[in-house]
Participant: 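Quick one: the structure is below, and I'll ask about it shortly.
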Amino acid sequence: EVSSLCDLNSDAWFRAIVDIRSCDKGEAVGVTVHVYFNDAFIAINQDRECWVNGRQVALAANVSESISVTADEEMVVIEQVGRFQILLSTNGEVSLKMREGLANTLCGACGNFNGEAADDLTFGNDKVGANMAEVIKYWRARDFASCGTATLS
(Lines give C-alpha, C1' and ligand atoms only; values in the text may rest on other atoms or scores of the structure.)
Protein backbone atom coordinates (compact mmCIF):
# COMPACT_ATOMS: atom_id res chain seq x y z
CA GLU A 1 0.00 0.00 0.00
CA VAL A 2 1.85 3.09 -1.19
CA SER A 3 -0.62 5.76 -0.18
CA SER A 4 -4.17 6.30 1.04
CA LEU A 5 -6.22 8.97 2.69
CA CYS A 6 -6.01 8.18 6.42
CA ASP A 7 -9.62 9.24 7.02
CA LEU A 8 -11.52 6.15 5.90
CA ASN A 9 -14.84 8.00 6.16
CA SER A 10 -13.92 10.89 3.87
CA ASP A 11 -15.89 11.37 0.65
CA ALA A 12 -12.49 11.89 -1.04
CA TRP A 13 -10.99 8.61 0.29
CA PHE A 14 -8.64 6.65 -1.96
CA ARG A 15 -6.18 3.79 -1.61
CA ALA A 16 -3.24 3.19 -3.97
CA ILE A 17 -1.47 -0.17 -4.13
CA VAL A 18 1.48 -1.17 -6.27
CA ASP A 19 1.54 -4.92 -6.85
CA ILE A 20 5.01 -6.11 -7.86
CA ARG A 21 5.11 -9.79 -8.75
CA SER A 22 8.48 -11.42 -8.28
CA CYS A 23 7.55 -15.06 -7.98
CA ASP A 24 10.03 -16.36 -10.54
CA LYS A 25 13.62 -16.45 -9.23
CA GLY A 26 13.10 -13.22 -7.26
CA GLU A 27 13.05 -11.03 -10.35
CA ALA A 28 10.20 -8.58 -10.86
CA VAL A 29 7.94 -10.04 -13.53
CA GLY A 30 5.13 -7.50 -13.54
CA VAL A 31 3.84 -4.31 -11.97
CA THR A 32 0.17 -3.42 -11.56
CA VAL A 33 -1.18 -0.25 -9.95
CA HIS A 34 -4.54 -0.57 -8.17
CA VAL A 35 -6.39 2.56 -7.07
CA TYR A 36 -9.59 2.35 -5.06
CA PHE A 37 -12.02 5.23 -4.63
CA ASN A 38 -15.35 5.27 -2.81
CA ASP A 39 -17.19 4.79 -6.08
CA ALA A 40 -14.61 3.34 -8.49
CA PHE A 41 -11.67 0.96 -8.84
CA ILE A 42 -8.89 1.27 -11.43
CA ALA A 43 -6.15 -1.25 -12.24
CA ILE A 44 -3.38 -0.62 -14.77
CA ASN A 45 -0.45 -2.86 -15.61
CA GLN A 46 2.86 -1.98 -17.21
CA ASP A 47 1.61 -3.49 -20.48
CA ARG A 48 -0.78 -0.51 -20.60
CA GLU A 49 -3.90 -2.57 -19.98
CA CYS A 50 -6.56 -0.79 -17.94
CA TRP A 51 -9.59 -1.98 -15.97
CA VAL A 52 -12.24 0.26 -14.42
CA ASN A 53 -14.61 -1.40 -11.97
CA GLY A 54 -13.45 -4.79 -13.22
CA ARG A 55 -14.07 -4.10 -16.91
CA GLN A 56 -11.21 -3.72 -19.36
CA VAL A 57 -11.33 -0.30 -21.04
CA ALA A 58 -9.26 1.64 -23.52
CA LEU A 59 -6.76 4.12 -22.13
CA ALA A 60 -7.92 7.73 -21.97
CA ALA A 61 -10.92 6.75 -19.84
CA ASN A 62 -12.96 9.28 -17.89
CA VAL A 63 -13.98 7.39 -14.79
CA SER A 64 -15.94 10.27 -13.26
CA GLU A 65 -15.97 14.07 -13.35
CA SER A 66 -12.80 14.18 -11.25
CA ILE A 67 -11.05 10.86 -12.02
CA SER A 68 -9.38 10.01 -15.32
CA VAL A 69 -6.83 7.70 -16.91
CA THR A 70 -4.63 9.10 -19.68
CA ALA A 71 -1.58 7.82 -21.51
CA ASP A 72 1.22 8.77 -23.84
CA GLU A 73 3.93 6.57 -25.32
CA GLU A 74 5.90 6.31 -22.06
CA MET A 75 3.46 6.82 -19.20
CA VAL A 76 -0.03 6.00 -17.96
CA VAL A 77 -1.50 8.50 -15.49
CA ILE A 78 -4.35 8.02 -13.03
CA GLU A 79 -5.50 11.45 -11.87
CA GLN A 80 -7.95 12.75 -9.34
CA VAL A 81 -8.17 16.37 -10.44
CA GLY A 82 -6.75 18.83 -7.93
CA ARG A 83 -5.59 16.05 -5.58
CA PHE A 84 -3.05 13.61 -7.02
CA GLN A 85 -1.52 11.80 -9.98
CA ILE A 86 -0.16 8.25 -10.02
CA LEU A 87 2.17 7.59 -12.94
CA LEU A 88 3.17 4.15 -14.26
CA SER A 89 5.92 4.03 -16.89
CA THR A 90 6.29 1.27 -19.45
CA ASN A 91 9.40 0.04 -17.59
CA GLY A 92 7.39 -0.45 -14.39
CA GLU A 93 8.42 2.66 -12.43
CA VAL A 94 5.66 4.21 -10.32
CA SER A 95 5.58 7.85 -9.19
CA LEU A 96 3.10 9.70 -7.00
CA LYS A 97 2.43 13.42 -7.21
CA MET A 98 0.33 14.73 -4.35
CA ARG A 99 -1.10 18.23 -3.98
CA GLU A 100 0.00 20.24 -0.94
CA GLY A 101 -3.50 20.10 0.54
CA LEU A 102 -3.05 16.37 1.18
CA ALA A 103 0.02 16.82 3.41
CA ASN A 104 -0.39 15.13 6.79
CA THR A 105 -3.64 13.43 5.70
CA LEU A 106 -1.98 10.47 3.98
CA CYS A 107 -0.91 7.04 5.22
CA GLY A 108 1.17 4.38 3.52
CA ALA A 109 4.69 3.35 2.61
CA CYS A 110 5.32 6.62 0.74
CA GLY A 111 4.77 8.69 3.88
CA ASN A 112 2.49 11.61 4.60
CA PHE A 113 3.84 14.00 1.90
CA ASN A 114 4.41 16.87 4.33
CA GLY A 115 7.92 17.53 3.03
CA GLU A 116 9.63 16.22 6.19
CA ALA A 117 11.46 12.99 5.30
CA ALA A 118 12.24 12.36 8.96
CA ASP A 119 8.64 11.34 9.73
CA ASP A 120 8.00 9.20 6.64
CA LEU A 121 9.15 5.89 8.13
CA THR A 122 6.02 5.61 10.27
CA PHE A 123 3.45 2.89 10.70
CA GLY A 124 -0.28 3.51 11.03
CA ASN A 125 0.04 3.56 14.82
CA ASP A 126 2.61 6.41 14.80
CA LYS A 127 5.47 4.03 15.61
CA VAL A 128 8.62 4.61 13.57
CA GLY A 129 10.25 1.90 11.47
CA ALA A 130 13.98 1.32 11.50
CA ASN A 131 14.29 1.27 7.71
CA MET A 132 12.28 1.38 4.49
CA ALA A 133 12.09 -2.43 4.20
CA GLU A 134 10.37 -2.56 7.59
CA VAL A 135 7.93 0.17 6.56
CA ILE A 136 7.08 -1.58 3.28
CA LYS A 137 6.50 -4.84 5.15
CA TYR A 138 4.16 -3.07 7.58
CA TRP A 139 2.16 -1.40 4.77
CA ARG A 140 1.93 -4.57 2.64
CA ALA A 141 -1.62 -4.88 1.30
CA ARG A 142 -2.76 -7.93 3.21
CA ASP A 143 -5.80 -8.37 0.95
CA PHE A 144 -3.41 -9.26 -1.91
CA ALA A 145 -1.89 -12.73 -2.00
CA SER A 146 1.88 -13.04 -1.92
CA CYS A 147 3.87 -15.69 -3.76
CA GLY A 148 3.68 -19.23 -2.46
CA THR A 149 0.76 -18.64 -0.06
CA ALA A 150 -1.57 -21.21 -1.57
CA THR A 151 -1.98 -23.60 -4.46
CA LEU A 152 -5.17 -24.75 -6.13
CA SER A 153 -5.50 -28.35 -7.15
Side-chain angles (χ1 to χ4, degrees), residues 1-22 28 30-72 74-146 149:
E1 186 163 332
V2 293
S3 191
S4 67
L5 197 62
C6 299
D7 180 359
L8 302 176
N9 297 313
S10 171
D11 290 340
W13 175 85
F14 72 93
R15 178 183 184 213
I17 296 170
V18 176
D19 186 13
I20 303 170
R21 295 295 166 151
S22 59
V31 175
T32 304
V33 174
H34 304 267
V35 184
Y36 299 87
F37 300 92
N38 281 328
D39 56 355
F41 165 67
I42 301 169
I44 298 175
N45 65 26
Q46 72 188 67
D47 293 329
R48 302 168 60 85
E49 296 173 306
C50 178
W51 293 264
V52 174
N53 297 328
R55 296 184 175 129
Q56 192 165 11
V57 298
L59 290 174
N62 286 321
V63 179
S64 70
E65 287 183 19
S66 64
I67 301 168
S68 65
V69 179
T70 57
D72 61 25
E74 299 176 8
M75 193 80 54
V76 178
V77 179
I78 300 170
E79 180 173 18
Q80 187 176 34
V81 176
R83 297 182 59 77
F84 67 83
Q85 292 181 328
I86 300 174
L87 300 87
L88 173 62
S89 71
T90 54
N91 66 2
E93 292 179 7
V94 178
S95 302
L96 282 72
K97 295 182 179 181
M98 300 293 177
R99 303 296 184 254
E100 286 182 18
L102 291 174
N104 292 314
T105 66
L106 300 174
C107 297
C110 286
N112 58 18
F113 287 88
N114 66 358
E116 297 176 29
D119 66 4
D120 283 342
L121 294 178
T122 58
F123 302 143
N125 53 14
D126 292 328
K127 292 184 180 176
V128 178
N131 54 52
M132 193 63 190
E134 198 174 275
V135 172
I136 288 171
K137 183 178 179 181
Y138 175 85
W139 287 108
R140 184 182 67 81
R142 285 160 182 64
D143 51 336
F144 280 62
S146 57
T149 56

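These numbers come from the heavy atoms of this one structure, side chains and all, not from hydrogens, waters or symmetry mates. All of these numbers come straight from a predicted model, not from anything done at the bench.
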Participant: State, to 0.1 Å, how close Gly54 and Trp51 come at their nearest heavy-atom pair, and which atoms those are.
Facilitator: O-CD1, 4.0 Å
Participant: Output all residues satisfying side-chain contact (heavy atoms from CB on, under 4.5 Å) with Glu93, sequence neighbours left out; order by chain, then residue number.
Facilitator: Ser89, Asn91
Participant: Mind checking whether Ile44 and Cys50 have side chains closer than 4.5 Å, heavy atoms only?
Facilitator: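 Side chain of Ile44 against side chain of Cys50, heavy atoms only: contact under 4.5 Å found.
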Participant: To the nearest 0.5 Å, how far apart are CZ in Phe84 and NZ in Lys97?
Facilitator: 13.5 Å
Participant: Holding to ring-ring contact (aromatic ring centres under 6.0 Å, His included), I want the full list of residues that pass it with Phe37, two or more places apart in sequence or in another chain.
Facilitator: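 Phe37 satisfies ring-ring contact (aromatic ring centres under 6.0 Å, His included) with no other residue.
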Participant: Contact between Leu5 and Leu106 at the side-chain level, heavy atoms closer than 4.5 Å - yes or no?
Facilitator: yes
Participant: According to side chain to side chain donor-acceptor pair (under 3.5 Å), does anything in residues 75-86 pair up with another residue at least two apart or in another chain? List the pairs.
Facilitator: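 Matches after skipping sequence neighbours: Gln80-Arg83.
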Participant: How long is the gap from CD1 on Ile78 to CG on Leu88, to the nearest 0.5 Å?
Facilitator: 8.0 Å
Participant: Within a reach of under 6.0 Å around CD of Glu100, are more than 12 heavy atoms found that belong to other residues, nucleotides or ligands?
Facilitator: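 No, CD of Glu100 has 12 or fewer neighbouring heavy atoms, counting only those of other groups under 6.0 Å.
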Participant: Sequence neighbours left out, what passes side-chain contact (heavy atoms from CB on, under 4.5 Å) with Asp47? Give chain and number order.
Facilitator: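 Asp47 satisfies side-chain contact (heavy atoms from CB on, under 4.5 Å) with Asn45, Glu49 only.
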Participant: Quick one: side-chain contact (heavy atoms from CB on, under 4.5 Å) partners of Asn9, sequence neighbours excluded?
Facilitator: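 Expected list: Asp7.
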Participant: Compare every heavy atom of Asp72 with every heavy atom of Met75, then report the nearest pair and how far apart it is.
Facilitator: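 Looking at all heavy atoms of both residues, the closest pair is N-OD1, 2.8 Å.
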Participant: Which pair of heavy atoms, one from Asp11 and one from Asn38, lies closest together, and at what distance?
Facilitator: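 Minimum heavy-atom contact is O-ND2, 3.0 Å.
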Participant: Which heavy-atom pair separates Ala43 from His34 by the least distance, and what is that distance?
Facilitator: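 It is CB-ND1, 3.8 Å.
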Participant: Show the atom names and distances, to 0.1 Å, of all donor-acceptor pairs under 3.5 Å that link a side chain in residues 58-68 to residues at least two apart or in another chain.
Facilitator:
| unit_1 | atom_1 | unit_2 | atom_2 | d |
| --- | --- | --- | --- | --- |
| Ser64 | OG | Ser66 | N | 3.3 |
| Ser64 | OG | Ile67 | N | 3.2 |

Participant: Quick one, Tyr36 with Trp13, criterion side chain to side chain contact (heavy atoms under 4.5 Å, CB included). Give me CA distance, side-chain angles, the key distance, then yes/no.
Facilitator: CA-CA 8 Å; Tyr36 299 87; Trp13 175 85; 3.9 Å; yes
